[in-house]
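Read the structure below first, then the notes.
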Amino acid sequence: MDELKLDAVVKTPGGQPSTNEEALEAIADAHPLPRLILEYRGLAKLRSTYTEKLPGAINPDTGRVHTSYHQAGAATGRLASSDPNLQNIPIRTEDGRRIRKAFIAPPGRRIMACDYSQIELRIMAHLSEDAGLLRAFESGQDVHRATAAEVFGATSPEDVTSDQRRAAKAINFGLMYGMSAFGLARQLGIARGEAQDYIALYFARYPGVRAYMDRTRAQAKDQGYVETVFGRRLYLPDINARNQGLRAGAERAAINAPMQGTAADIIKRAMVAVDAWLRPRAARALMIMQVHDELVFEVDADFAETLRSGVVACMRDAAALRVPLVVDTGFGDNWDEAH
DNA sequence: CGACTCACG
DNA sequence: ACGTACGTGAGTCGT
């Protein structure tokens with residue numbers, strides 16, 4: 001970067017000039033090299049982590065890849081997956097999806113994927129009891145579109161542009177992570193002041209969400225922990241630290257953990273229910289993977305619809321919140337098609 | 001073994 | 001004023 005006079009705009013946690021995707025993207029217009037490096041890195045990652053590793057992970061006795069799930073692997077209550085990690089199989093790029101297509105159903109069977117729709121935002125609606133958010137989910141609206149209509153003042157959700165919806169989606173996700181105006185600005189490529197305006201507008205339209213977040217921070221500082229809907233706690237030893245960076249990090253974790261943790265509780269309850277439902281039907285279908293808000297099955301082709309209705313009921317009824325839980329399902333001969 | 005990067009929700 | 005979005009696992013590189 002020195003030689004080509006390209007300025008680094010991002011620093012690593014160690015204070016060095018970063019060469020990560022964001023940093024290279026920022027200087028890609030000044031020289032052809034950054035984009036070539038990104039392209040190479042993306043392909044090298046897919047090859048070294050997946051293409052060259054997964055075939056060696058096939059168990060010769062079963063002909064399958066078996067991951068390890070860790071029940072207490074993540075602080076929030078999520079499962080973790082390792083050796084190999086099957087919770088980070090690519091999906092976001094076309095080349096990546098070629099990896100996912102390699103996970104196939106045996107002859108005569110199909111893959112079924114079932115995922116919770118917007119589960120963490122639904123939990124935020126439940127916990128905050130915010131009237132606008134509850135209404136959006138109760139009426140089955142596209143919640144990012146509804147948020148965009150509120151924040152950007154569209155007369156109706158149909159008038160929301162794709163850019164407005166994208167910005168609203170970033171706001172919705174960012175809020176659940178305890179983001180700042182700076183973080184939103186960076187995510188959207190806009191000025192800090194503009195991002196701050198969006199956030200202020202959001203909280204004006206969804207006052208229950210702001211009150212909930214203030215409550216959660218206060219409770220964390222007071223009690224030293226936050227908890228999920230079902231009462232499972234995450235202790236936050238840094239929540240009152242004098243070191244501002246540590247303290248701010250703990251505050252963001254305090255905001256996020258009840259939502260991420262409740263979602264983890266709910267899908268685990270669903271898995272127990274699915275297991276019980278499936279037990280007398282074990283020859284017809286297997287629950288084979290969990291990916292945080294998704295369950296994956298293999299199923300006899302002629303049993304697929306029966307499985308779908310059984311699993312959807314288990315997942316939908318795993319918790320009774322102030323908003324409905326919605327489950328999306330898909331089938332395919334491979335995991336990619338099932339989405 | 002730590003730092004960095006990047007795959008996923 | 002300050003740093004700046006949550007939670008993971010794994011590959012590569014340098015020490």
Side-chain angles (χ1 to χ4, degrees), chain A residues 10-25 37-54 57 67-70 72-93 95-97 99-100 113 115-121 123-124 169-188 192 195-196 199 213 216 226 228 234 236 242-264 267 289-296 335 339:
Chain A
V10 182
K11 297 256 193 287
T12 69
Q16 299 300 311
S18 174
T19 71
N20 69 15
E21 182 170 358
E22 184 191 352
L24 294 185
E25 222 27 91
I37 293 173
L38 285 173
E39 195 177 325
Y40 170 78
R41 278 209 196 135
L43 293 168
K45 178 84 170 188
L46 293 178
R47 186 173 64 176
S48 68
T49 306
Y50 304 104
T51 310
E52 293 179 344
K53 287 295 185 306
L54 288 173
T67 186
S68 296
Y69 284 112
H70 311 281
T76 53
R78 277 189 176 180
L79 296 183
S81 160
S82 70
D83 309 296
N85 182 358
L86 294 186
Q87 292 182 323
N88 72 344
I89 299 302
I91 194 171
R92 292 173 188 171
T93 68
D95 279 327
R97 281 199 288 276
I99 309 279
R100 194 168 276 243
D115 67 281
Y116 283 112
S117 169
Q118 308 292 358
I119 187 164
E120 291 187 18
L121 275 175
I123 292 163
M124 185 163 86
K169 186 175 176 179
I171 294 170
N172 279 330
F173 276 102
L175 278 169
M176 292 193 295
Y177 298 155
M179 67 159 185
S180 62
F182 180 94
L184 181 64
R186 190 175 58 181
Q187 176 70 30
L188 292 177
R192 266 186 305 280
Q196 185 52 60
I199 292 172
M213 289 186 172
T216 303
V226 292
T228 67
L234 175 67
L236 297 157
R242 259 79 72 199
N243 180 312
Q244 182 212 310
L246 283 181
R247 192 174 64 244
E251 287 177 11
R252 293 192 296 270
I255 295 297
N256 179 256
M259 293 177 268
Q260 189 180 126
T262 298
I267 196 168
M289 284 188 283
Q290 188 254 43
V291 192
H292 309 307
D293 66 353
E294 170 187 12
L295 297 177
V296 183
W335 191 11
H339 279 269

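Chain letters run A, B, ... following the sequence lines, proteins first, then strands; residues in each count from 1. Scope of the values below: all heavy atoms of this structure, side chains included, with no hydrogens, waters or symmetry mates. Because the structure is predicted, anything quoted here is derived from the model rather than measured.
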Spacing between [X] atom [atom1] and [N] atom [atom2], to the nearest angstrom:
| X | N | atom1 | atom2 | value |
| --- | --- | --- | --- | --- |
| L184(A) | dC6(C) | CG | P | 14 Å |
| K53(A) | dT12(C) | NZ | C1' | 10 Å |
| K11(A) | dA3(B) | NZ | P | 18 Å |
| Q87(A) | dC8(B) | CD | C1' | 8 Å |
| L54(A) | dA10(C) | CG | P | 11 Å |
| L234(A) | dT8(C) | CG | P | 9 Å |
| E294(A) | dA7(B) | CD | P | 18 Å |
| I267(A) | dC8(B) | CD1 | P | 18 Å |

Tell whether Q260(A) reaches the base of dC6(C) with its side chain through a donor-acceptor pair below 3.5 angstrom.
-> yes
When only distance counts, do a donor and an acceptor, one from the side chain of Q244(A) and one from the base of dA1(C), lie under 3.5 Å apart?
-> no
What does [X] touch in the nucleic acid at a heavy-atom separation under 4.0 angstrom: a base, only the sugar-phosphate, or nothing?
| X | result |
| --- | --- |
| A185(A) | nothing |
| N85(A) | sugar-phosphate |
| A257(A) | nothing |
| Q187(A) | base |
| I255(A) | nothing |
| I89(A) | sugar-phosphate |
| D115(A) | nothing |

Please confirm whether the backbone N or O of M176(A) pairs with a side-chain atom of N256(A), one donor and one acceptor, at under 3.5 Å?
-> yes
Is the backbone of P258(A) close enough, under 3.5 Å, to the side chain of T228(A) for a donor and an acceptor to pair up by distance?
-> no
Do [X] and [Y] have side chains that get closer than 4.5 Å, going by heavy atoms?
| X | Y | result |
| --- | --- | --- |
| H339(A) | R100(A) | yes |
| M213(A) | M124(A) | yes |
| I119(A) | I267(A) | no |

Taking every non-hydrogen atom, the tightest pair across [X] and [Y]:
| X | Y | answer |
| --- | --- | --- |
| S18(A) | A23(A) | O-CB, 3.3 Å |
| L86(A) | S81(A) | N-OG, 2.8 Å |
| V296(A) | W335(A) | CG2-NE1, 3.5 Å |
| L234(A) | A75(A) | CD1-O, 3.3 Å |
| A263(A) | I123(A) | N-CD1, 3.4 Å |

Residue [X], side-chain heavy atoms: nucleotide from [options] that is nearest:
| X | options | value |
| --- | --- | --- |
| R92(A) | dT5(B), dA10(C), dG9(B) | dG9(B) |
| A75(A) | dA10(C), dC8(B), dG7(C) | dG7(C) |
| R78(A) | dA7(B), dT8(C), dG7(C) | dG7(C) |
| T12(A) | dA10(C), dT5(B), dC8(B) | dT5(B) |
| S18(A) | dT5(B), dT8(C), dG9(B) | dT5(B) |
| Y177(A) | dC6(C), dG9(C), dT4(C) | dC6(C) |

Sorted by number, the residues of residues 37-52 of chain A with heavy-atom contact under 4.0 Å to DNA chain B | R41(A), K45(A), Y50(A)
DNA chain B contacts made by residues 245-253 of chain A, counting heavy atoms under 4.0 Å | none
Ignoring hydrogens and angles, state whether a donor on the side chain of Q260(A) or T76(A) is under 3.5 Å from an acceptor on the partner side chain.
-> yes
May I ask you to verify if any side-chain N or O of T19(A) is less than 4.0 angstrom from the OP1 or OP2 atom of dT5(B)?
-> yes
Indicate whether OP1 or OP2 belonging to dA5(C) is found under 4.0 Å from a side-chain N or O atom of R186(A).
-> yes
Greater than 12 external heavy atoms within 6.0 Å of E52(A)'s CD | yes
dist R242(A):CZ -> R247(A):CZ (nearest 0.5 Å) comes out at 9.5 Å
For DNA chain C, the dot-bracket notation using Watson-Crick and G-U wobble pairs below 3.5 Å, [ ] for pseudoknot-type crossings and | for other-strand pairs, is .....|||||||||.
P atoms of dG3(C) and dA7(B), separation to the nearest Å | 29 Å
Between dC4(B) and dT4(C), how far apart are the P atoms? Round to whole Å, please.
-> 13 Å
Check each of L24(A), L43(A), T19(A) against L38(A) using the side-chain contact (heavy atoms from CB on, under 4.5 Å) test, and report the only one that passes.
-> L24(A)
